[in-house]
Amino acid sequence: QVQLVESGGGLVQAGGSLRLACIASGRTRGPSPMGWFRQAPGKARDFVAAISWNGGSTDYADSVKGRFTISRDNAKNTVYLQMNSLKPEDTAVYYCAARGVLSSSSVTFRFVTQYHDWGQGTQVTVSS
């Protein structure tokens with residue numbers, strides 16, 4: 001069983017920044033591809049960003065490209081999401097997800113069903 005715990009959410013004004021962190025613990029099988037998703041009230045859980053197991057490849061939703069940066073520190077079992085130039089439409093609960101299986105070094109994943117383990121989420125609220 002892998003546990004994922006997100007932190008770093010909060011309330012910020014439009015144009016501001018936040019840095020989310022996701023720490024993995026438990027029976028990790030080693031570094032696996034990771035992703036960040038978000039879910040606004042009444043909406044589906046949407047892809048935000050993904051990173052390969054070694055950090056060599058990243059992928060972003062068009063809505064956050066150029067503003068958000070995903071990174072990881074495998075020595076600390078931690079994945080980060082740096083969010084800059086935040087907009088009110090970025091308001092959502094942000095979830096960290098782990099693929100849970102080893103993959104080739106360059107692979108990233110965009111779909112909810114491709115991830116095995118999920119955190120509880122952290123709320124991000126951007127005021128206008």
Side-chain angles (χ1 to χ4, degrees):
Q1 187 74 18
V2 175
Q3 291 82 43
L4 301 176
V5 178
E6 303 97 336
S7 63
L11 173 64
V12 64
Q13 288 188 331
S17 299
L18 284 174
R19 189 194 196 201
L20 305 184
C22 171
I23 300 176
S25 62
R27 287 192 169 185
T28 61
R29 301 180 189 85
S32 76
M34 302 286 291
W36 285 97
F37 291 76
R38 65 187 181 187
Q39 189 167 19
K43 295 190 176 182
R45 191 168 296 189
D46 291 333
F47 169 73
V48 175
I51 190 166
S52 59
W53 78 266
N54 64 355
S57 296
T58 57
D59 186 23
Y60 298 91
D62 288 344
S63 59
V64 306
K65 201 170 293 183
R67 300 187 297 123
F68 291 11
T69 303
I70 188 171
S71 62
R72 67 189 300 160
D73 183 341
N74 287 342
K76 296 181 179 179
N77 291 331
T78 303
V79 176
Y80 304 96
L81 185 68
Q82 177 68 43
M83 306 186 294
N84 299 328
S85 302
L86 283 161
K87 304 175 181 179
E89 50 263 45
D90 294 319
T91 295
V93 177
Y94 282 71
Y95 295 92
C96 170
R99 168 77 168 162
V101 295
L102 298 180
S103 302
S104 70
S105 59
S106 62
V107 176
T108 59
F109 299 89
R110 281 188 160 228
F111 299 102
V112 169
T113 53
Q114 293 175 311
Y115 289 88
H116 183 268
D117 302 302
W118 293 84
Q120 293 300 307
T122 185
Q123 176 71 47
V124 171
T125 303
V126 184
S127 63
S128 57

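Being a predicted model, the structure only gives us computed values, none of them experimental. Residue numbers count from 1 along this sequence. Every heavy atom of this structure was used, including side-chain atoms; hydrogens, water molecules and symmetry mates were not.
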Closest heavy-atom pair, Asp59 versus Arg110, reported as atoms and distance to 0.1 Å, is OD2-NE, 2.5 Å
**Asked** Is there side-chain contact between Pro31 and Arg72, with heavy atoms separated by less than 4.5 Å?
**Response** yes
Nearest heavy-atom approach of Arg67 to Ser85 is NH1-O, 2.9 Å
Residue set satisfying salt bridge (Lys or Arg N to Asp or Glu O under 4.0 Å) with Arg45, at least two apart, ordered chain then number -> none
Closest heavy-atom pair, Ser128 versus Ala14, reported as atoms and distance to 0.1 Å, is CA-CB, 4.4 Å
Inset, instruction - Please examine the side chains of Ser52 and Ser106, heavy atoms only from C-beta on, and report whether any two atoms are closer than 4.5 Å. - result: no
Tell me whether Lys65 at atom NZ has more than 12 heavy atoms from other residues, nucleotides or ligands lying less than 6.0 Å away. yes
Item to complete: Please answer: with hydrophobic residues joined when any side-chain heavy atoms are less than 4.5 Å apart, are Leu18 and Ile51 in the same cluster?
Response: yes
Please answer: with hydrophobic residues joined when any side-chain heavy atoms are less than 4.5 Å apart, are Phe37 and Val107 in the same cluster?
yes
Over 12 non-hydrogen atoms of neighbours within 6.0 angstrom of CD in Gln120: no
side-chain contact (heavy atoms from CB on, under 4.5 Å) test vs Arg38 passes for just one of Val93, Val124, Asp90, namely Asp90
Review point. Among the clusters formed by ILVMFWY side chains lying less than 4.5 Å apart, do Leu86 and Leu81 turn up in the same one?
Key: yes
All heavy atoms of Val48 vs all of Val64, minimum pair found to be O-CG2, 3.5 Å
task = Using the rule that two of Ile, Leu, Val, Met, Phe, Trp, Tyr join whenever any of their side-chain heavy atoms come within less than 4.5 Å, decide whether Val79 and Phe68 are in one cluster.
result = yes
Next item on the list: Spell out, as yes or no, whether a donor-acceptor pair under 3.5 Å connects the side chain of Ser32 to the backbone of Gly100.
Entry: yes
Please test Leu11 against Gln123 for side chain to side chain contact (heavy atoms under 4.5 Å, CB included), starting from the C-alpha separation and ending with a verdict. CA-CA 8 Å; Leu11 173 64; Gln123 176 71 47; over 6 Å; no
Leu4 and Tyr95, any side-chain heavy atoms less than 4.5 Å apart: no
* Asked: Do Glu6 and Trp36 touch side chain to side chain, with heavy atoms closer than 4.5 Å?
  -> yes
Side-chain contact test, heavy atoms from C-beta onward, threshold under 4.5 Å: evaluate it for Asn84 versus Ser17 and give yes or no. yes
*Any side-chain heavy-atom pair from Gln114 and Arg99 closer than 4.5 angstrom?*
yes
| query | Thr122 side chain to Ser7 main-chain N or O, any donor-acceptor pair under 3.5 Å? | reply | no
Original post:
Transitively linked via ILVMFWY side-chain contacts under 4.5 Å: Tyr80 with Met83?
Top reply: no
Across all chains, not counting sequence neighbours, the salt bridge (Lys or Arg N to Asp or Glu O under 4.0 Å) partners of Asp117 are none
Between Tyr60 and Ile70, is there a donor-acceptor pair closer than 3.5 Å when you use the side chain of the first and the backbone of the second? yes
Query raised in the report: Going through the distances and angles, do Trp53 and Asn74 end up as a side chain to side chain contact (heavy atoms under 4.5 Å, CB included)?
Result: CA-CA 8 Å; Trp53 78 266; Asn74 287 342; 4.3 Å; yes
Pro33 and Tyr115 have their tightest heavy-atom pair at O-CE2, 4.0 Å
